[in-house]
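One structure below.
It should be emphasised that the depicted structure is a prediction, and the values quoted were computed from it without experimental measurement. Throughout, protein chains are lettered first and strands after them, A, B, ... in sequence-line order, and every chain is numbered starting at 1.
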Amino acid sequence: MVTQVYIRDVPSHVGREVSIKGWLYNKTHKGRLWFLLVRDGTGVIQSVLFKGNVAADVFEAAESLTQESSLQITGTVRRDKRAPGGYELDATGMEVVQIARSYPISPKEHGTSFLMDHRHLWLRSSRQHAILRIRHRLIKAARDFFDGRGFVLVDTPILTPVACEGTTNLFPVKYFDTPAYLSQSGQLYSEASCMAFGKVYCFGPTFRAEKSKTRRHLMEFWMVEPEVAYADLDDIMVLAEEFVSYLVAEALREGGEELSILGRDTGPLEKVTPPFPRLTYAEAFDLLEQEGSETPRGADLGGTDETIVSSRFDRPVMVHRYPAAVKGFYMEPDPENPDLALCMDMLAPEGYGEIIGGSQRIHDYDLLMERVREHDLPVEPFSWYLDLRKYGSVPHSGFGLGIERVLSWICGIPHVRETIPFPRMLHRLFP
RNA sequence: UCCUCAGUAGCUCAAUUGGCAGAGCGUCCGGCUGUUAACCGGAGGGUUGUAGGUUCGAGUCCUACCUGAGGAGCCA
């Protein structure tokens, strides 16, 4: 009986006959030799078919194989320096499951648009495989971090009756006969759950109907949002830097192989340890003026401004205390200067920009009500949110981290679109 | 929504001043016992994004539209 193994485990079966179920990644031949590159989702291995060693029909079948044909191949595991990866299968038999039709993605170069049209197939390529494996580990690391610190995962709804910040960038849906929106943040609900559990986080898809067409925007992305009762801005800045350091450390520890497939220079990532530099908004602008930025003081930082600021440091930098006027209605004003909000953005180095946005939330009922009115928000849908300030209200803070932005930074890839299996972008809803 | 650039074979791209529609890869056929994006020989493959216009003649120039890429604003 031949043992069936996954390619990842092949090195521990040297000298034994094993069987692999997978797909043909590529093939080449030299006379009476066939070299088949077979992948099975755990790795890729070369299998060698010599005409004299296999049945005539098996050798002929090898000839008929097309890229991505599914097959089961049996052979003896052998160490060989000539084989990619150092191990190969000296084939003794092969069963074809299906001969694939002409596969659109060749091992040669393709344009982004073409590849995105074939995203369902592109996922099979080694580069996409590496990115999505790191994504898997990053998500696990995020959950491990909070779980290990006593946080409770409390899910927040995706169908919501009202906007969290602004209304222009929401996806409207019909909830039977009432209008509803896809969630653009779990924050408001997490504020409720943190008053129940103390420390909570939510992790789920987030929808923003912003007509943004840049390398850092998706219409649908995944966000981790911790929310902590009795925490102030300084507390969550410490939490944020420890969190991001943990994510990077885990990616380096678990994803070395994938990062090297992606050609990522891990040097800059190894420097990502606490503490991260902290800059007030005013200090960030002092720096920007030195560099000749034309962004007026009082405005939010633009993308190029973020790059200028973050390029001054070798680890992520936290810019805090922005003018309240450009930030969310729920942010606690700075007691030292009420025109400023107790908020912070974390900017990733190497030009990647904002990966975290967070703040201390208003806990005073009257002040929050005032802000709701100032922002022309409807009071009734926010009544439950205002209720939280009536029953044992305490200072609390939280932040949101965009998984795809962190992933593209860690992987060193220029655009977030490859960091999610099926990206939803401006004018792309297919496949 | 605005700005810039692009659209030619299945894919990636050439095509000089407006003058015969081309190459590489993939596909198909043949050759080779160590290939690594193999190599060598041969074959097939086209409504040049769409619609109109200028011209003896348009892939090339003009107009509109469609699609894509990069960026801005906004954000994680």
Side-chain angles (χ1 to χ4, degrees), chain A residues 25-37 44-53 59 63-64 66-68 78 80-86 88 90 100-118 125-126 164-166 168-169 184-187 203 205-225 240 244 295 299-306 322 326-328 344-348 352-358 399-409 414-417 419-420 425-428 430:
Chain A
Y25 199 58
N26 203 356
K27 70 169 182 178
T28 182
H29 64 117
K30 170 109 182 162
R32 285 178 290 171
L33 273 177
W34 273 105
F35 299 95
L36 307 181
L37 276 175
V44 178
I45 192 168
Q46 172 169 282
S47 179
V48 186
L49 275 83
F50 177 49
K51 195 167 188 173
N53 291 356
F59 193 79
E63 215 168 310
S64 70
T66 53
Q67 191 185 350
E68 287 302 318
R78 182 167 63 196
D80 194 312
K81 281 179 186 168
R82 293 169 296 187
E88 67 180 16
D90 189 9
R101 290 155 207 234
S102 181
Y103 192 66
I105 302 177
S106 71
K108 297 284 180 175
E109 58 195 320
H110 296 286
T112 305
S113 177
F114 174 83
L115 289 168
M116 275 301 170
D117 284 340
H118 297 84
S125 71
S126 62
C164 166
E165 349 180 328
T168 52
N169 48 19
Q184 62 178 348
S185 168
Q187 180 203 317
F203 175 59
T206 303
F207 307 88
R208 304 261 170 104
E210 293 157 6
K211 295 203 170 172
S212 301
K213 195 171 161 51
T214 77
R215 67 185 65 202
R216 52 174 66 151
H217 281 90
L218 294 167
M219 304 303 107
E220 178 185 309
F221 64 98
W222 287 67
M223 188 155 67
V224 188
E225 296 173 276
V244 169
T295 307
D300 211 343
L301 266 59
T304 48
D305 297 325
E306 290 182 356
Y322 284 66
V326 298
K327 289 292 179 177
M344 66 94 174
D345 282 355
M346 186 188 289
L347 310 178
Y352 280 90
E354 187 174 352
I355 52 172
I356 280 181
F399 63 81
L401 172 140
I403 286 288
E404 289 79 11
R405 285 190 179 174
V406 173
L407 189 55
S408 61
W409 163 47
H415 202 298
V416 292
R417 65 188 159 210
T419 61
I420 187 166
M425 294 182 291
L426 194 60
H427 306 135
R428 178 173 288 284
F430 178 91

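Listed pair Lys211(A) / U1(B) meets the phosphate criterion, a side-chain N or O lying under 4.0 Å from OP1 or OP2. Proximity of Arg216(A) to the phosphate of A72(B): no side-chain N or O atom is located under 4.0 Å from OP1 or OP2.
At the heavy-atom level, Thr112(A) lies nowhere under 4.0 Å from the strands shown. Among the heavy atoms of the strands lying under 4.0 Å from Phe114(A) are primed sugar atoms or P, OP1, OP2 only; no base atom is included. Residue contacts shown for Gly111(A) are limited to sugar-phosphate atoms, with no base heavy atom under 4.0 Å away. Contacts of Gln46(A) with the nucleic acid, taken as non-hydrogen atoms under 4.0 Å apart, include base atoms.
Look at the P atom in both G24(B) and A14(B): the space between them is 16 Å, to the nearest Å. Rounded to a whole angstrom, the distance from the P atom of G19(B) to that of U35(B) is 46 Å.
Atom-to-atom distance recorded for Ser125(A):OG and Tyr25(A):OH is 5.5 Å, nearest 0.5 angstrom. Here Leu426(A) contributes atom CG and His217(A) contributes atom NE2; the two are 10.5 Å apart, rounded to the nearest 0.5 Å.
Side-chain atoms of His217(A) come within donor-acceptor range of the base of C75(B), with a qualifying N/O pair under 3.5 Å. Judged by distance alone, with hydrogens and angles left aside, Arg405(A) brings a side-chain donor or acceptor within reach of the base of C75(B), the pair sitting under 3.5 Å. For G26(B), its base never sits under 3.5 Å from the side chain of Arg101(A) at any donor and acceptor pair.
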Just do the salt bridge (charged side-chain N to carboxylate O under 4.0 Å, His left out) check on Glu306(A) and Arg216(A) with the steps written out, would you?
-> CA-CA 13 Å; Glu306(A) 290 182 356; Arg216(A) 52 174 66 151; 3.1 Å; yes

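With both pairing distances under 3.5 Å, G7(B) is matched to C66(B) as a Watson-Crick or G-U wobble pair. Base pairing of U27(B) is made with A43(B), judged by Watson-Crick or G-U wobble geometry with both donor-acceptor distances under 3.5 Å.
Stacking between Phe35(A) and G34(B) is absent: the aromatic ring centre is not both under 5.5 angstrom from the base six-membered ring centre and within 30 degrees in plane angle.
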